[in-house]
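Written out below as structure tokens is the structure these notes cover.
Small disclaimer: the values here were computed from a predicted structure and weren't measured.
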Amino acid sequence: QVQLVESGGGLVQAGGSLRLSCAASGRTFSSYAMGWFRQAPGKEREFVAAISWSGASTIYANSVKGRFTISRDNAKNTVYLQMNSLKSEDTAVYYCATASTGWATRARHEYDFWGQGTQVTVSS
């Protein structure tokens with residue numbers, strides 16, 4: 001059974017930084033792309049960032065490009081999201097997900113397993 005457990009969320013002031021982690025188990029982690037999505041109250045879940053199986057390819061939503069960095073450590077079965085220069089509009093529950101493909105993708109339907117989410121709150 002695939003399990004994804006996010007951690008690292010919390011309350012931070014605007015302009016601050018947080019690093020999210022997602023530990024995976026139950027699947028050959030290094031074979032699949034990983035992604036981060038977020039959902040703010042009253043809004044749909046949206047794509048944030050994705051990374052290919054090897055880590056060589058990454059893609060980002062325009063809203064976070066240049067501020068967020070996704071990375072992975074296949075030896076630790078963990079994917080990270082470094083978030084810098086946080087804004088109030090980044091406030092959301094952040095979810096990690098594992099894709100059914102090895103290639104980085106922003107398509108939500110390509111992701112077949114999801115974590116429970118971690119809350120990120122940015123105060124202005």
Side-chain angles (χ1 to χ4, degrees):
Q1 183 178 356
V2 177
Q3 286 192 323
L4 301 172
V5 180
E6 302 98 336
S7 61
L11 174 64
V12 64
Q13 288 189 332
S17 299
L18 281 175
R19 189 175 85 151
L20 305 183
S21 300
C22 173
S25 62
R27 172 181 265 190
T28 306
F29 179 79
S30 58
S31 295
Y32 299 94
M34 297 292 295
W36 286 96
F37 290 74
R38 66 187 182 187
Q39 187 166 17
K43 295 188 176 182
E44 292 192 356
R45 194 171 298 188
E46 64 174 1
F47 169 78
V48 175
I51 188 166
S52 64
W53 66 275
S54 67
S57 175
T58 57
I59 52 175
Y60 297 92
N62 287 337
S63 58
V64 307
K65 199 173 295 183
R67 299 188 298 122
F68 290 11
T69 302
I70 188 171
S71 61
R72 66 190 296 161
D73 185 339
N74 285 344
K76 295 182 178 179
N77 287 359
T78 301
V79 63
Y80 305 97
L81 186 68
Q82 178 66 44
M83 305 185 296
N84 298 329
S85 302
L86 283 161
K87 306 175 181 179
S88 58
E89 51 262 46
D90 295 318
T91 295
V93 177
Y94 283 71
Y95 299 89
C96 75
T98 178
S100 55
T101 174
W103 308 110
T105 174
R106 64 183 70 234
R108 187 173 163 184
H109 69 270
E110 296 272 18
Y111 292 86
D112 48 4
F113 294 98
W114 296 78
Q116 293 299 305
T118 185
Q119 176 71 47
V120 171
T121 303
V122 183
S123 62
S124 56

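Counting only residues at least two apart or in different chains, salt bridge (Lys or Arg N to Asp or Glu O under 4.0 Å) contacts with residues 93-116 comprise R27-D112.
Here the side chain of R72 pairs a donor or acceptor atom with the backbone of S52 at under 3.5 angstrom. Using a distance-only test at 3.5 Å, with no hydrogens or angles considered, a donor-acceptor pair links the side chain of Y111 to the main chain of T105. Looking only at distances, a side-chain donor or acceptor of R67 sits under 3.5 Å from a matching main-chain atom of S85. Between the side chain of E6 and the backbone N or O of C96 there is at least one donor-acceptor pair closer than 3.5 Å.
The distance from atom OG of S63 to atom CG of D90, rounded to the nearest 0.5 Å, is 7.0 Å. With rounding to the nearest 0.5 Å, the separation of CD1 in I70 from CE in M34 is 8.0 Å. I59 CD1 to W103 CH2: the interatomic distance, rounded to the nearest 0.5 Å, is 12.5 Å. Atom OG of S25 and atom CD of Q1 lie 8.5 Å apart (nearest 0.5 Å). Rounding to the nearest 0.5 Å gives a distance of 7.5 Å between OG1 of T91 and CD of Q119. To the nearest 0.5 angstrom, Q39 atom CD is 8.0 Å from E44 atom CD.
Two different hydrophobic clusters hold I51 and Y80 under the rule that ILVMFWY side chains link at heavy-atom gaps under 4.5 Å. Note on V122 and L18: same hydrophobic cluster, where clusters join Ile, Leu, Val, Met, Phe, Trp and Tyr whose side-chain heavy atoms are under 4.5 Å apart, directly or indirectly.
The shortest non-hydrogen separation linking Y60 to T69 is OH-CA, 3.4 Å. When all heavy atoms are compared, the tightest approach of A92 to A40 is CB-N, 3.8 Å. Listed here is the closest heavy atom pair of L4 and A24: CD2-CB, 3.4 Å. Nearest approach of N84 to S17, heavy atoms of both residues: OD1-OG, 2.9 Å.
Among the candidates V79, V5, L81, the single residue satisfying the side-chain contact (heavy atoms from CB on, under 4.5 Å) test with C22 is V79. When each of Y95, F47, Y94 is checked for a ring-ring contact (aromatic ring centres under 6.0 Å, His included) with F37, only F47 meets the rule.
Remark: aromatic rings of F68 and W36 are distant, center separation not under 6.0 Å.
Looking at residues two or more places apart in sequence or on another chain, you find no ring-ring contact (aromatic ring centres under 6.0 Å, His included) involving F113.
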